[in-house]
Amino acid sequence: MQLIRRSEWLWEIPQTGAMRVPGRIYANEQIIDEIRDDPCLSQVANVACLPGIVGYSLAMPDIHWGYGFPIGGVAAVDAEQGVISPGGVGYDINCGVRLARTGLEANFVQARIERLADALFQKIPAGVGSQGAIPGLSSQQLKLIVYEGAEWAVRNGYASQHDIEHTEEGGRLTGADPDRISERAYKRGAPQLGTLGSGNHFLEVSRVDQIYDAQVANALGLHQNQVTVLIHSGSRGLGHQTCDDYLKLIVKAMDRYGIKLPDRQLAAVPINSPEGQAYLGAMAAAANFAWCNRQLMMHLAEQAFMEALGVTPRELAFALIYDVCHNIAKFEQHVIDGKPVRVCVHRKGATRAYGPGNPAVPSSLRPFGQPVLIPGDMGRYSFVLVGLEAATEKTFGSSCHGAGRLMSRNAAKKDARGRDLVAELKERGVTIRAQSRSGIAEEMPAAYKDVAEVVEVMEAAGVTKRVARLRPLAVIKG
Amino acid sequence: MSKRPPDDGLPYRELAHTADVGVEIIAPTRAELFRRAALALADLLVEVSAVATNESRTVQINADDDVTLMHDFLSELLQLFSAEGFIWREVQVSESDHALGAIIRGEPFRLNHHELRREIKGVTYHQLSVERVNHEWRSLIIFDV
């Protein structure tokens with residue numbers, strides 16, 4: 001794959017063959033060296049073949065090989081002439097991250113960390129085979145949940161108005177159509193509301209270990225040594241089944257629209273087709289389910305903290321800092337060649353990153369930009385960033401979403417053979433609770449890039465900047 | 001994809017995919033290929049040695065081509081696990097050109113009895129292949145985990 005260096009942080013795949021736009025990858029030299037022969041670069045080129053794509057097929061520095069889209073991929077298509085691709089959103093619709101702050105200091109929590117980890121592990125259901133946070137949800141309730149998203153959680157006492165204001169899209173994507181979700185998807189999702197799931201999903205208790213921008217940190221309510229909670233999960237079985245349902249439909253429908261793509265997983269139909277509209281209604285519904293899911297887990301985490309540590313709600317002072325989604329397609333306005341254009345931005349393992357002054361950012365944070373939450377691996381650290389103004393022109397208002405995998409799951413398991421990863425992490429000050437031993441091995445710190453390098457690239461490129469760094473104290477894996 | 005030697009006794013071999021789980025399945029016949037794919041999926045989800053076979057389910061799939069047949073068959077089985085909570089250890093397959101029927105033997109999944117290895121979100125179309133190479137049938141499947 002031919003790569004042209006555009007700047008210290010930007011690499012380009014020239015437009016060739018069926019590509020409609022060039023590809024652009026934000027990365028430093030080391031990251032590029034690691035992926036030069038990786039299939040993820042062909043995936044950037046494949047995405048560039050989507051009808052209606054504008055500007056560039058983009059990839060963030062946490063790029064790695066996915067299916068269809070690369071993970072870390074961003075594609076904006078013209079809102080009128082473009083296509084929608086369920087594979088460009090992924091199976092885990094609105095997989096995302098939320099960060100809550102507490103009024104507790106690290107020393108207090110560290111001294112009681114085993115008890116807290118047990119309580120969180122017990123309180124937050126893992127997923128398959130366990131009962132969700134709200135057993136016996138009726139189909140009518142589920143339809144309301146996918147329509148209302150996090151607002152449903154507020155109405156039912158699981159969230160506050162503050163939480164909604166600090167969630168991307170207010171925790172509710174408009175256009176959600178509960179009737180576009182199949183019975184199967186409802187059935188798969190019903191027992192999984194308020195559950196974490198396996199793979200790279202987690203709940204982490206962390207402490208703020210470094211502040212990069214005191215003014216913004218202060219606005220977010222963050223200070224040195226404060227305890228925070230980071231939750232990474234998505235739309236669970238309801239979203240997975242929705243993606244599957246619509247991929248099947250769209251793979252079949254694509255021919256009728258004369259769309260040819262190099263990978264069936266990229267299957268797409270015009271946004272303004274009946275199939276495209278049906279998917280968008282279902283996707284928004286699944287996204288709302290995900291917001292409700294993360295909100296419920298936050299509620300359960302709050303209860304676990306109070307029970308395990310014997311603190312009052314006032315002492316705990318649990319409050320959402322922000323919630324972002326990193327697998328989604330959304331209609332937004334961005335600047336292309338100096339002109340504002342309405343586009344549908346597919347983010348597959350990428351986070352929206354709006355700069356200061358954007359009306360979508362909560363009013364208290366608007367002068368500073370939208371918070372962007374970037375989890376690292378479970379042994380090192382995670383970052384809190386904010387979006388910068390130039391993001392809209394450079395990346396359609398998008399930044400990275402995580403560290404990005406370096407090792408395959410297989411290679412990680414092989415590397416972990418004969419090692420006691422739980423003890424190794426304990427030595428690094430991280431307490432682990434997990435459903436599966438192989439899950440810990442697959443997610444071991446060495447399987448990931450150093451997330452610091454990834455966020456540095458985005459900062460150097462003028463897309464996002466660092467506000468604070470978080471170190472894990474306890475990690476709960478589904 | 002770099003290949004690893006086959007794991008002993010398994011109906012598949014795991015391939016190195018960075019984020020997800022890829023498997024390669026080789027079988028002497030087309031029916032056996034689908035059977036092994038079904039067993040591979042169960043093995044990726046759960047430690048199957050503890051699965052009893054006292055219940056059965058049937059699956060019927062129609063599709064125009066083998067790739068779609070494989071995709072839809074495994075998606076149906078994934079749904080059987082994820083929505084119905086059923087896990088299997090034995091599979092019997094009957095096939096024709098555009099259809100596949102299977103009897104799946106197993107039992108309801110219980111978290112405290114069976115060891116869950118991972119959840120699988122979906123069966124992707126990315127690089128999905130089903131082909132006859134000389135005297136063998138081969139399939140390559142990438143699951144989103």
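Just so it is clear: chains get the letters A, B, ... in the order the sequence lines come, proteins before strands, and each one is counted from 1. These numbers come from the heavy atoms of this one structure, side chains and all, not from hydrogens, waters or symmetry mates.
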* Given B:Asp20 and A:Trp65, is the side-chain contact (heavy atoms from CB on, under 4.5 Å) satisfied, shown in steps? -> CA-CA 9 Å; B:Asp20 297 307; A:Trp65 183 18; over 6 Å; no
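- Neither the backbone nor the side chain of A:Lys477 comes within contact range of chain B, judged by heavy atoms closer than 4.5 Å.
- Considering OH of B:Tyr125 and CG of A:Leu247, their distance stands at 6.0 Å, rounded to 0.5 Å.
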* In sequence, state the C-alpha distance, the side-chain angles, and the governing distance for B:Glu76 and A:Arg184, and then conclude on salt bridge (Lys or Arg N to Asp or Glu O under 4.0 Å). => CA-CA 11 Å; B:Glu76 194 71 20; A:Arg184 279 187 160 196; 2.6 Å; yes
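- Contact annotation for B:His71: only side-chain heavy atoms (C-beta onward) come within less than 4.5 Å of a heavy atom of chain A.
- Atom-to-atom distance recorded for B:Leu15:CG and A:Asn410:CG is 8.0 Å, nearest 0.5 angstrom.
- With a threshold of 4.5 angstrom between heavy atoms, B:Ile120 approaches chain A through N, CA, C or O but not through any side-chain atom.
- Around the CD atom of B:Glu131, the shell of radius 6.0 Å holds more than 12 heavy atoms that belong to other residues, nucleotides or ligands.
- Taking 4.0 Å as the cut-off between side-chain N and carboxylate O, B:Asp144 and A:Lys348 do not count as a salt-bridged pair.
- Between B:Glu14 and A:Lys414, none of the side-chain N atoms (NZ, or NE/NH1/NH2) sits under 4.0 Å from a carboxylate O, so this pair counts as no salt bridge.
- We find that B:Glu119 and A:Arg236 are joined by a salt bridge, their nearest charged nitrogen and carboxylate oxygen being less than 4.0 Å apart.
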* **Steps toward side-chain contact (heavy atoms from CB on, under 4.5 Å) verdict (B:Val67, A:Arg264)** => CA-CA 11 Å; B:Val67 165; A:Arg264 223 200 271 207; 3.6 Å; yes
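- Rounding to the nearest 0.5 Å places CZ of A:Arg437 at 14.0 Å from CZ of B:Arg117.
- Both the backbone and the side chain of B:Arg118 have a heavy atom closer than 4.5 Å to some heavy atom of chain A.
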* Can you list the steps and then say if B:Asp72 with A:Lys248 is a side-chain contact (heavy atoms from CB on, under 4.5 Å)? -> CA-CA 8 Å; B:Asp72 292 1; A:Lys248 271 184 202 151; 3.4 Å; yes
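- Summarising the local packing, CG of B:Asp64 is surrounded by 12 or fewer heavy atoms from other residues, nucleotides or ligands at distances under 6.0 Å.
- For B:Ala19 against A:His64, the heavy-atom pair with the smallest separation is CB-CD2, 3.6 Å.
- The OG atom of A:Ser198 sits 7.5 Å away from the NZ atom of B:Lys121 when rounded to the nearest 0.5 Å.
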* Evaluate the side-chain contact (heavy atoms from CB on, under 4.5 Å) criterion for residues A:Gln435 and B:Glu115: first the C-alpha distance (whole Å), next the side-chain angles of each, then the deciding distance (0.1 Å), finally the verdict. => CA-CA 9 Å; A:Gln435 289 291 343; B:Glu115 188 193 325; over 6 Å; no
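- For the atom pair OH (A:Tyr67) and NE2 (B:His126), the distance works out to 10.5 Å, reported to the nearest 0.5 Å.
- Distance check: B:Thr18 OG1 to A:Leu406 CG gives 9.0 Å after rounding to the nearest 0.5 Å.
- Heavy atoms only, all atoms of each residue included: B:His17 and A:Gly66 are closest at NE2-O, 3.2 Å.
- You'll find the side chain of A:Glu442 stays beyond 4.5 Å of the side chain of B:Val21, heavy atoms only.
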